[in-house]
Amino acid sequence: MLKVMIVDDEPWVLEGLRTMVDWEKSGYEVCAEALSAVEALRLIQEHKPDLLLTDINLPVMNGLELIAAVKEVMDHPPRFVILSGYDDFNYARTALRQKVDGYLLKPVDDEEIGALLLKIKAIIQNEIASREEGRKKQNFLVHNLINRFIQGEWSEELERAADRLMDLQPETELQCILAAAVSSTMSLNEGEGEGFPGELGYVFQDPAGRPGLIVRCAGMSSEAIEAAAAQVQRAQSEKLGVPVAVLISGKRKGARSIQELYTQSLEVWGLKYRREKGGIFYYNDLGAKGQSLELAEGHFTCVLEKVKAGETGQILSCVREAFAAITAKPLKIDAAQAEVAHLEMTLCRSIAEMQGDPDRIMNAMRTEYGNLGGLADYYRLSLYVDKLCLQAAAYLAELRADNEGNTIYNVIQYVDLEFRSKLQLQDIAKQFHMNSAYLGQLFRKETGRSFSDYLNEKRIEAAKGLLKRTQLKISDIALQVGFSNTDYFIDKFKGRVGSSPSVYKNANKNKQL
């Protein structure tokens with residue numbers, strides 16, 4: 001039933017319209033009545049009627065002024081019908097400029113209002129259907145966009161799409177909230193984002209079938225986030241009949257941070273949740289308690305290396321070794337699924353970096369195996385990983401072949417492999433038979449960074465790993481990653497990481513204690 005609201009300063013007119021018109025026959029119900037425009041304006045925002053019938057001659061604010069005010073405060077204002085005891089053409093002409101749908105003279109004729117209500121009903125239903133179709137299309141596009149982000153894709157085109165579809169600016173503060181059940185595959189249904197204020201939550205479903213939300217958290221207190229997450233957690237637990245965990249990332253800015261926020265939620269799932277029975281868990285709490293934030297145990301590191309290297313003959317044996325280590329723990333299937341999801345994400349990112357389409361692999365995998373969350377035993381999960389890795393290795397080999405003639409791609413690959421050596425842009429340009437200035441321009445266009453910035457970033461990332469895992473001196477680490485001058489290394493490290501190598505090393509040492 002559509003909702004109608006009546007506004008008139010005469011109580012007997014309100015009663016007459018309410019009781020004498022067969023609203024139900026026309027597909028309506030009276031949701032509210034008001035004796036003044038001021039009262040009406042408040043009730044309209046509360047009840048959100050589909051149709052407003054208003055007298056034109058009201059005290060303080062007349063009916064036409066009420067219509068103008070409603071259009072100012074509502075994104076989707078109702079349709080309007082004017083009631084008047086004055087057969088005044090000027091009123092009618094003004095009403096038509098306000099784009100009202102009818103102008104009825106009092107006393108209202110039953111047949112006339114009945115015909116008008118049916119006509120307006122068809123208009124309203126078409127509008128509702130159009131908005132619903134637009135909303136579904138919008139949700140589909142946003143869901144697809146978020147999944148591309150969490151799989152590591154990024155481009156200026158995707159950034160513009162995030163601005164257009166999600167109204168996300170580089171300074172928009174975001175959080176990722178992921179829901180996961182103990183022993184049930186969760187499917188994405190309408191309403192699972194309820195509990196988050198207004199339009200702050202963008203619903204998505206990750207490759208494992210877990211529903212999630214990218215939340216615009218600006219203006220939301222931590223208490224409001226937790227209260228909303230608690231509502232989602234209770235609703236999902238009741239719906240599924242099993243405990244549900246809600247996993248909350250830290251806060252970052254801009255659409256480009258979505259992958260990192262999603263990964264943080266996965267880290268909470270892989271580390272914290274396997275030892276708990278539902279509840280709400282925060283990424284920031286893991287760091288506060290000194291826990292390692294490496295996702296699960298990294299069982300698929302060797303597998304990933306073989307896939308990227310194209311060593312297909314060794315992929316299946318590495319997968320077997322990984323699952324042997326997992327089942328020896330024994331690791332819960334939920335945590336194993338989280339590791340596989342991370343493997344998926346890493347492979348998709350590698351494919352995207354080589355200008356490939358990750359959906360080509362993932363759509364085929366979902367068609368054959370369904371959602372990752374539905375693979376509830378180690379045997380089926382291992383078959384899934386076998387197929388995923390072989391398909392990804394074949395596709396990456398195909399992309400490498402396609403890119404062999406792409407000089408700048410080969411230059412970047414060379415730098416990625418040889419960054420520990422003494423590299424100079426001029427020397428690389430000679431090696432690839434190019435002008436050094438032109439190569440520098442191509443390098444910046446392809447990577448978004450200058451050659452020296454890109455090289456320093458590669459070296460610093462390698463240094464971070466050595467600082468975490470070894471007891472080497474700072475000077476030795478600098479040499480190992482390609483910096484001949486220790487002071488220069490320290491300066492670049494501080495500029496990139498925000499702390500000196502020694503502070504970074506001690507901070508990570510304390511986390512491991």
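All figures in this text were calculated on a predicted structure; none of them were measured in a lab.
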For the atom pair [atom1] ([X]) and [atom2] ([Y]), what is the distance rounded to the nearest 0.5 Å?
X	Y	atom1	atom2	answer
Ile408	Lys445	CD1	NZ	10.5 Å
Phe204	Asn144	CZ	CG	13.0 Å
Leu247	Tyr282	CG	OH	11.0 Å
Leu165	Lys137	CG	NZ	10.0 Å
Asp359	Ile361	CG	CD1	10.5 Å
Ser36	Asp8	OG	CG	11.0 Å

Over all heavy atoms of both residues, which pair between [X] and [Y] is shortest? Give the atoms and the distance, please.
X	Y	answer
Ile280	Glu226	CD1-O, 3.9 Å
Gly212	Leu178	CA-CD1, 4.0 Å
Leu213	Val203	CD2-CG2, 3.4 Å
Leu41	Gln45	O-NE2, 3.3 Å
Leu168	Leu174	CD2-CD2, 3.9 Å
Pro78	Val70	CD-CG1, 3.8 Å

Exercise for review: Scan Val303, Val319, Leu347 and name whichever one has a side chain to side chain contact (heavy atoms under 4.5 Å, CB included) with Leu388.
Suggested key: Leu347
Review point. Picking from Lys48, Met5, Glu33, what satisfies side chain to side chain contact (heavy atoms under 4.5 Å, CB included) with Leu43?
Key: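 Result for side chain to side chain contact (heavy atoms under 4.5 Å, CB included) with Leu43: Met5.
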Practice item. Please test Lys387 against Glu368 for salt bridge (Lys or Arg N to Asp or Glu O under 4.0 Å), starting from the C-alpha separation and ending with a verdict. Key: CA-CA 10 Å; Lys387 185 69 172 286; Glu368 183 172 353; 2.6 Å; yes
Exercise for review: Measure the shortest side-chain to side-chain distance between Tyr202 and Arg216 over non-hydrogen atoms and say whether it is less than 4.5 angstrom.
Suggested key: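 A side-chain contact exists here, since the closest heavy-atom pair is under 4.5 Å.
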Practice item. Compare all side-chain heavy atoms of Pro49 with those of Ile44 and state whether any distance is below 4.5 angstrom. Key: yes
Check your understanding: Can you check salt bridge (Lys or Arg N to Asp or Glu O under 4.0 Å) on Glu260 and Arg252, steps first, answer last?
Key -> CA-CA 8 Å; Glu260 180 184 356; Arg252 295 290 185 273; 3.1 Å; yes
Checking the side chain of [X] only, and the main-chain atoms of [Y] only, is there a donor and an acceptor separated by less than 3.5 Å?
X	Y	answer
Asn62	Leu58	no
Tyr28	Leu117	yes
Thr263	Gln259	yes

Check your understanding: Ion pair present between Asp50 and Lys3, side-chain N to carboxylate O less than 4.0 angstrom?
Key ->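 No.
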Check your understanding: Looking only at side chains, do Tyr283 and Gln175 share a donor and an acceptor under 3.5 Å apart?
Key ->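 Absent: no donor and acceptor within the cut-off.
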Check your understanding: With a cut-off of under 6.0 Å to the ring centre and 45° to the axis, is Arg360 in cation-pi contact with Tyr395?
Key -> yes
Point to revise | Aromatic centroids of Phe300 and Phe323 separated by under 6.0 Å | key: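 Yes - the distance between ring centres of Phe323 and Phe300 falls below the 6.0 Å cut-off.
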